[in-house]
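For reference, the structure discussed in these notes is given below.
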There are 2 protein chains.
Amino acid sequence: MARRGSPRNSGESDLDARKATILEAVVAEHIDTAQPVGSTAVAQHADLGVSPATVRNEMVSLEREGYLAQPHTSAGRIPTDKGYRYFVDHLQSGELGSAQQFQLRDFFTGVRGEVEDVLERTSALLAQLSGYTSVVVGTTATHATILSVQLVNLERRHQLLVTVFSDGTVLKHSVVTTDDIDYATCVEASQQLNALLVGTTLESRVQVPSRSDSSSLLIAEAVAVLHAERPTREDEKVFIGGASKVAEVFDSVETVRQVLSILEEELLVVSLVEDMLDRGVSVAIGSEHGYAPLSSTAVVVAPIHVDGVAAGAVGLIGPTRMKYQEVMAAATAVSKNLAQHLEGSAGGD
Amino acid sequence: MARRGSPRNSGESDLDARKATILEAVVAEHIDTAQPVGSTAVAQHADLGVSPATVRNEMVSLEREGYLAQPHTSAGRIPTDKGYRYFVDHLQSGELGSAQQFQLRDFFTGVRGEVEDVLERTSALLAQLSGYTSVVVGTTATHATILSVQLVNLERRHQLLVTVFSDGTVLKHSVVTTDDIDYATCVEASQQLNALLVGTTLESRVQVPSRSDSSSLLIAEAVAVLHAERPTREDEKVFIGGASKVAEVFDSVETVRQVLSILEEELLVVSLVEDMLDRGVSVAIGSEHGYAPLSSTAVVVAPIHVDGVAAGAVGLIGPTRMKYQEVMAAATAVSKNLAQHLEGSAGGD
DNA sequence: TGCTAGCACTCGATTCTACCGAGTGCTAGC
DNA sequence: GCTAGCACTCGGTAGAATCGAGTGCTAGCA
């Protein structure tokens, strides 16, 4: 179902040079005009010294092989998902326009603030650069070690557990106790928690001394609450940028609705992106990603690697006839710059 | 420009009983059907024993007075913004449907977690209850007192300042120093910061001892960074719920785009809502709120009062022909329940 | 064998016309 | 003051005619 950069079975997936040129011309033209592309247009545009009639013959063949489709008998051809796939697989990677490069550099030299803010604004930037709706998924590294743990007494039975990680992440959790907790106990518990947890990660298991004085109960509860955080994907933050672009690039209100409601479900977005990363796919066209409501869209992702480990991804979503070259260039460039920025300032600047 | 609940000049704004009935019938019918409303429909529906012809005469008069408009000569009437305004002003406040009441109760008894999460999910709930896109603006109370301040050493010159407030808010700020800071200095500074700041609010000014050892410099820097937070509106968090509803309730893609791009601008949303609260307006119809791109929409807001002080608002945005009664009921009910919830558990549960 | 010119054909899109009917405004009469 | 009646308006719909882009096929040429 999903194809990668390299062709799978050369018999079908490799076209002879002329067919390839024609296919690419059709895709390029269609991306540009959003209209079915006729044989004459192709013959003119892609200058292989050949008449429209010949092009037509080739197109029939391309249609039989599933790369092109005809909306109706007397119209031009439009690419199928398979056609786009071929196009994307044979795309030489493009460069970002110089104005955009400048904008990008400008943004990342100027940007400061907490990670979350940076991610949010990066998302907006990417949307603006690419012209499509963007997604930035930030994985709060579960590998990060704990730098500090602190219990703060909010009310008699409400404690707030504030944990600071080595990557600058701060998590807060409520800890509710059955007994009232006084200030001294809280401080005491904080100290013990620090001794217990600093240097560990959320993935490590720690031995909690099981006495039953109120301080120990509090500590046990706090550790439990903190470790409950781990297993789910929920600690991945999603930032959507340029949601209004959805209404620009799709012309059917129904599609707009569907895409928006997918984007509303953070978990869905995260798993879509992660799935693609897991499979090593950077572009998913049409139904390739397996999310039915998005079958008329294409998704482009680029991973973010901070110090060699996966730290999330940036993504773009648009119609299948999106400007792949530019979009992929934008996504890659942004993800690289973002990664660099995150490496440069561990957790904020 | 903006009207309130009470009529302004009774000469124009108060209609005689029959006209009022007719106007209300037109509005109600139009909200229901989205079609221009004819005299016959009104005569049947609003049962004042009167013929369509009479209704027609009244409608001409209502049109002259600006309450109704005719899309074209031989069509029925649709309400103008002024017509909707009259309708809303004379609406007796409705009750939430019992199923929805149940859903609401269910939600708020079951909900737990950090404030941000609650607000986010409340926003989704409100969207679902009302059928329109919702906005929840949470003001992180600048009146809250500081419970704890802590500096954590991220890297040599990167400190993370973690501040916990009495309402459960946790803020983090990066503090960058020119000198390397060792662990001991960091702890030392934390203690002094605590002594200095605990019990104060972001609004109070504190005297920072101005010695020039590295610890004192660090402290001064930390206080400066923290207080820099105050003046803007940026500490108000905005949660949008049901963004995809925009594509359901507006039928022009262009309107969808405009509304979405407004919603993208958090600051705009906040000031829109705050402006309405300041003016004591709960419904803004058409151009009443003064945001041109939203001139074909209506906005309904309800303030959130926690322990008597303003703590934000919930809002809904839809077409001017939205179901005001239900929507206002939903907004009020949700804001009340949310306020109660926030009072019940100061900053977490 | 491969390419191309020529040509009949298809079928969506556009335009035009006729027409229907919902709804109006007006007038005359109760 | 209300209403029945009626001529009138005008958007929406349906059908016919037309247009034209683009096809598929065939025959002929290199």
Side-chain angles (χ1 to χ4, degrees), chain A residues 15-80 83 251-252 321, chain B residues 15-80 83 251-252 321:
Chain A
L15 302 169
D16 66 64
R18 198 168 64 184
K19 271 187 190 159
T21 317
I22 292 179
L23 176 55
E24 275 156 25
V26 171
V27 175
E29 184 80 8
H30 181 70
I31 287 177
D32 209 45
T33 64
Q35 299 294 327
V37 184
S39 51
T40 356
V42 172
Q44 281 171 357
H45 223 260
D47 48 12
L48 16 77
V50 148
S51 83
T54 310
V55 174
R56 278 205 288 281
N57 288 330
E58 298 287 47
M59 281 165 109
V60 172
S61 158
L62 281 168
E63 183 172 357
R64 249 199 306 271
E65 291 169 53
Y67 293 100
L68 295 179
Q70 240 179 335
H72 55 265
T73 323
S74 73
R77 303 300 205 293
I78 57 175
T80 60
D251 27 39
S252 132
R321 48 168 285 274
Chain B
L15 303 168
D16 67 62
R18 197 168 65 185
K19 270 187 190 158
T21 318
I22 291 178
L23 175 55
E24 276 156 25
V26 171
V27 175
E29 185 78 8
H30 180 70
I31 286 177
D32 210 42
T33 63
Q35 298 297 324
V37 183
S39 53
T40 359
V42 172
Q44 281 171 356
H45 223 260
D47 47 14
L48 17 76
V50 148
S51 83
T54 311
V55 173
R56 276 205 289 282
N57 288 329
E58 298 287 47
M59 281 166 106
V60 171
S61 159
L62 281 169
E63 185 173 355
R64 247 199 309 270
E65 291 168 54
Y67 293 99
L68 295 179
Q70 241 180 334
H72 55 265
T73 326
S74 74
R77 302 302 205 294
I78 58 173
T80 60
D251 25 41
S252 133
R321 50 168 284 273

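Values in this document were obtained by computation on a predicted structure and should not be read as measured data. Only heavy atoms go into these numbers, but all of them, side chains included; no hydrogens, no water, no symmetry mates. Letters A, B, ... mirror the listed sequences (proteins, then strands); counts begin at 1.
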| note | Walking DNA chain C from its 5' end, the first of B:N57 and A:V50 to be reached, judged by nearest nucleotide, is A:V50
| If you take atom types as modelled and just measure distance, does the side chain of A:S51 reach the base of C:dT4 with a donor-acceptor pair under 3.5 Å? | no
| For A:V37 and A:H30, which heavy atoms make the closest approach, and how far apart are they? | CG2-N, 3.7 Å
| task | Identify the nucleotide, in any strand shown, that forms a Watson-Crick or G-U wobble pair with D:dT23, with both distances under 3.5 Å; if there is none, say none. | result | C:dA8
| remark: Among the nucleotides D:dG24, C:dC11, D:dT3, whichever has the atom closest to the side chain of B:T54 is D:dT3
| Does A:R77 have a side-chain nitrogen or oxygen under 4.0 Å from the phosphate oxygens OP1 or OP2 of D:dG24? | yes
| message | In whole Å, I'd like the distance from the CZ atom of B:R56 to the C1' atom of D:dT3. | response | 10 Å
| Short side-chain donor-acceptor distance under 3.5 Å, A:S61 and A:E65 | yes
| message | Any side-chain N or O of A:R18 below 4.0 angstrom from OP1/OP2 of C:dC3? | response | yes
| said: If you define the side chain from C-beta out and look only at heavy atoms, does anything of A:L62 sit under 4.5 Å from A:K19? | reply: yes
| task | State, with a plain yes or no, whether a side-chain heavy atom of B:V26 is found less than 4.5 Å away from one of B:M59. | result | yes
| Base, sugar-phosphate, or nothing for A:T73, non-hydrogen atoms under 4.0 angstrom? | sugar-phosphate
| query | Think B:S39 has a side-chain N or O under 4.0 angstrom from the OP1 or OP2 of C:dT24? | reply | yes
| field | Among B:T80, B:V27, B:L23, side chain to side chain contact (heavy atoms under 4.5 Å, CB included) partner for B:L68 | value | B:L23
| Opposite nucleotide pairing with C:dG29, Watson-Crick or G-U, both atom distances under 3.5 Å | D:dC2
| remark: Here the distance between atom P of D:dT23 and atom CD of A:E63, to the nearest Å, is 10 Å
| message | Between P on C:dG23 and NE2 on B:H45, what's the gap in Å once rounded to a whole number? | response | 14 Å
| query | What is the distance, rounded to the nearest whole Å, between atom CD of B:Q44 and atom P of D:dT3? | reply | 14 Å
| remark: Per nearest nucleotide of DNA chain D, the residue lying toward the 5' end, A:A53 or B:H72, is B:H72
